[in-house]
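Here is the structure we will look at.
Basis for what follows: all heavy atoms, side chains included, without hydrogens, waters or symmetry-related copies.
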Amino acid sequence: MKIADITRRAGRSLSQAKARTVLTSLAIGVGAFTLTLALAAGEGSRQYVDTIVSSNIDPQMLIVAKDESMFGGGDEGASLAGTGLREYSETATQYAGLTLKTLSPDDFDKISSRSDVEKVTPTYLVNAQYLTFEQVEDKQYTADVTVYDVSVRPEVAAGTLPDRAQQQIADDEVVVPESFLKTLDITDYDSFIGSNITLHLMQPPKNLSEADIQSLAATDGLAAVEEAMQGESREVTLKVRAVSMQSATSFTASSALFISENKAKELSEFLTKDTEQYRSYVSAMVLVKDGVDPSAVKADLEKDGIYSVTAEDVQGLLFTFVNLLQGIVIGFGLLALIASIFGIINTQYISVLERTQQIGLMKALGMSGRDVGRLFRYEAAWIGFLGGLIGAGLAWGAGVALNPFISDALGLSAGTHLLVFQPVPIAGLIIGLMVIAVLAGYFPSRKATRLDPIEALRTE
């Protein structure tokens, strides 16, 4: 008997018991629905991770540090993520008190001298004691201050940024994240452009020797000792050039002030002058030349005790998290499929019992046992196909309808969706469900194959 004939006959047999066929298909459709959403969420999350990594890290860029714990390799991890704008308090501390190894000038010379490295940019730490806004009177705030990264161009809510790529902002300019204005309760962004922000910087207390303290106290008194030990202070006024738009694809655009590289270097050196941290930095950005594998540079630097992560490492870490969540959702889908397998077995066994006389008649008319078994397996395949089609179709429709609401709730940028449906994986899923259904229908079809036609015809 031809495959096409058996396929049509299997479809007609199922149509004679529509309610049972639909209910069994819906059982397998639950698993198909869950698995389709899991595949879509996994693909959407991976595309989102790709967008985040490509928007924030150049593929040829390495983030290097002397302390392995910066990248989670030590007993305690350190985070570089900013915490946003906070109101200043003299009784509060701004830092977590972590002790980290720093990159020395020798380390920078060693990295810069490599023939496969194009540029090395230290991560300047500008720890302002507090800052004030021209448009907000009588209030002081604390916030992270970082370098405007020319390789990452954030969207602007107001103002302008340099037109040309790799061009820094001016040394007297600052870019303010949109989240800061929300904290300050400023709604007129355009009027905020051109206003001043003043950074109040204070050097750490100076360490005087016991002999110097005694000598100074003897000649000028204790007040002179206190004044000598106090670090120098400085106020730096910057003009707001732009307000960076809050974005779900940027690591820093919503948590720190952006200043020019030259200004960051100047202020960092001022704050660390006459200290062990002078021109020593926690981390740096290393741009590897085009055509050179950043992973190879990473391996060479690690031999010298300098640790680093590549864009690929960051992507892999995020992918691991995405895959774990996707695996959990797929697990629930598989549980639903296991339940539906028993439903298919039960349905097929009932079908064999109800059609015992038909099976006997088909065999008496010359239909082979093999073809009878194939008929029931094809019926199971039809159930798997219908269940997969119903579940995947409902998941696709629900995902397309919910994507805008999900994107809005998560603050995703325009055109970015959490659920991304791809035809090929979904088609593979439906084919896989058909195979599972055929396997589930194996034992009932085997029973039909072994029925004796004479005994089957006697059955009432």
Side-chain angles (χ1 to χ4, degrees), residues 48 51-52 54-56 81-89 94 124 126-201 234-267 404-405 407-417:
Y48 181 50
T51 302
I52 290 178
S54 61
S55 298
N56 291 273
T83 52
L85 185 67
R86 308 165 297 279
E87 191 165 343
Y88 171 73
S89 172
Q94 185 178 352
Y124 299 107
V126 181
N127 301 324
Q129 185 180 18
Y130 62 83
L131 51 96
T132 57
F133 296 86
E134 182 182 358
Q135 292 193 356
V136 182
E137 298 180 356
D138 302 326
K139 279 194 175 182
Q140 300 169 336
Y141 296 88
T142 61
D144 297 313
V145 182
T146 188
V147 178
Y148 173 72
D149 189 348
V150 296
S151 65
V152 180
R153 184 180 176 85
E155 299 179 39
V156 294
T160 60
L161 292 175
D163 295 330
R164 292 187 294 108
Q166 305 299 316
Q167 182 180 359
Q168 268 288 352
I169 59 177
D171 291 345
D172 63 344
E173 294 177 334
V174 62
V175 177
V176 183
E178 184 180 12
S179 62
F180 282 23
L181 274 68
K182 293 180 179 179
T183 301
L184 298 172
D185 200 23
I186 295 176
T187 56
D188 188 355
Y189 290 7
D190 292 331
S191 67
F192 187 72
I193 302 299
S195 64
N196 293 328
I197 297 178
T198 301
L199 307 182
H200 181 83
L201 308 177
R234 179 189 295 185
E235 288 192 347
V236 179
T237 300
L238 304 170
K239 183 186 297 183
V240 177
R241 170 163 183 163
V243 176
S244 62
M245 187 177 295
Q246 195 163 356
S247 171
T249 58
S250 176
F251 290 154
T252 59
S254 61
S255 62
L257 295 174
F258 290 116
I259 61 176
S260 71
E261 184 177 331
N262 291 335
K263 180 60 69 173
K265 179 180 180 181
E266 173 194 333
L267 299 183
F405 300 99
S407 298
D408 183 62
L410 297 179
L412 304 182
S413 57
T416 303
H417 299 301

Review point. Quick one: side chain to side chain contact (heavy atoms under 4.5 Å, CB included) partners of D190, sequence neighbours excluded?
Key: A158, D188
Check your understanding: In Å, rounded to the nearest 0.5 Å, how long is the span from CD of Q129 to OG1 of T142?
Key -> 10.5 Å
**Study point:** salt bridge (Lys or Arg N to Asp or Glu O under 4.0 Å) involving E235 - partner list, sequence neighbours excluded
**Key:** none
Point to revise | Shortest non-hydrogen contact between A256 and P177, atoms and distance | key: O-CD, 3.3 Å
**Study point:** F133 vs I186 side-chain heavy atoms within contact, under 4.5 Å
**Key:** no
Check your understanding: Are any of the side-chain heavy atoms of R234 and L267 separated by less than 4.5 Å?
Key -> yes
Exercise for review: Check the pair V126 / L257 against side chain to side chain contact (heavy atoms under 4.5 Å, CB included), numbers first and verdict last.
Suggested key: CA-CA 10 Å; V126 181; L257 295 174; over 6 Å; no
Practice item. Working to the nearest 0.5 Å, report the span between CZ of R241 and CG of L161. Key: 6.5 Å
Review point. What's the shortest heavy-atom distance between A242 and V156, and which atoms?
Key: CB-CG1, 4.2 Å
Revision key, fill the gap. Applying side chain to side chain contact (heavy atoms under 4.5 Å, CB included) to T132 and not counting sequence neighbours gives Y130, Q140, T198
Check your understanding: Any side-chain heavy atom of V174 within less than 4.5 Å of one from F258?
Key -> no
Practice item. Compare every heavy atom of S260 with every heavy atom of I169, then report the nearest pair and how far apart it is. Key: O-CB, 3.4 Å
Point to revise | Verdict with reasoning, L131 to H200, per side chain to side chain contact (heavy atoms under 4.5 Å, CB included) | key: CA-CA 6 Å; L131 51 96; H200 181 83; over 6 Å; no
**Study point:** side chain to side chain contact (heavy atoms under 4.5 Å, CB included) assessment of V236 paired with I259
**Key:** CA-CA 12 Å; V236 179; I259 61 176; over 6 Å; no
Exercise for review: Hey, could you give me the OH/CG distance between Y141 and L184, rounded to the nearest 0.5 Å?
Suggested key: 5.0 Å
Exercise for review: With rounding to the nearest 0.5 Å, note down the distance linking CG in D171 to CG in N262.
Suggested key: 4.5 Å
Point to revise | All side-chain hydrogen bond (donor to acceptor under 3.5 Å, both in side chains) counterparts of Y189, not counting sequence neighbours | key: E178
Review point. Between A128 and L199, what is the shortest heavy-atom contact and its length?
Key: CB-CB, 4.4 Å
Review point. Does D172 have any side-chain hydrogen bond (donor to acceptor under 3.5 Å, both in side chains) partners at least two apart in sequence or in another chain, and if so, which?
Key: none
Check your understanding: Checking Q168 side chain against Y148 main chain: does a donor-acceptor pair fall under 3.5 Å?
Key -> yes
Check your understanding: Does the pair Y124 and E261 meet the rule for a side chain to side chain contact (heavy atoms under 4.5 Å, CB included), with working shown?
Key -> CA-CA 8 Å; Y124 299 107; E261 184 177 331; 4.0 Å; yes
Review point. Who passes side chain to side chain contact (heavy atoms under 4.5 Å, CB included) against S195, sequence neighbours left out?
Key: E134, Q135, F192, V240
**Study point:** Closest non-hydrogen atom pair between V147 and A264, with its separation
**Key:** CG2-CB, 3.5 Å
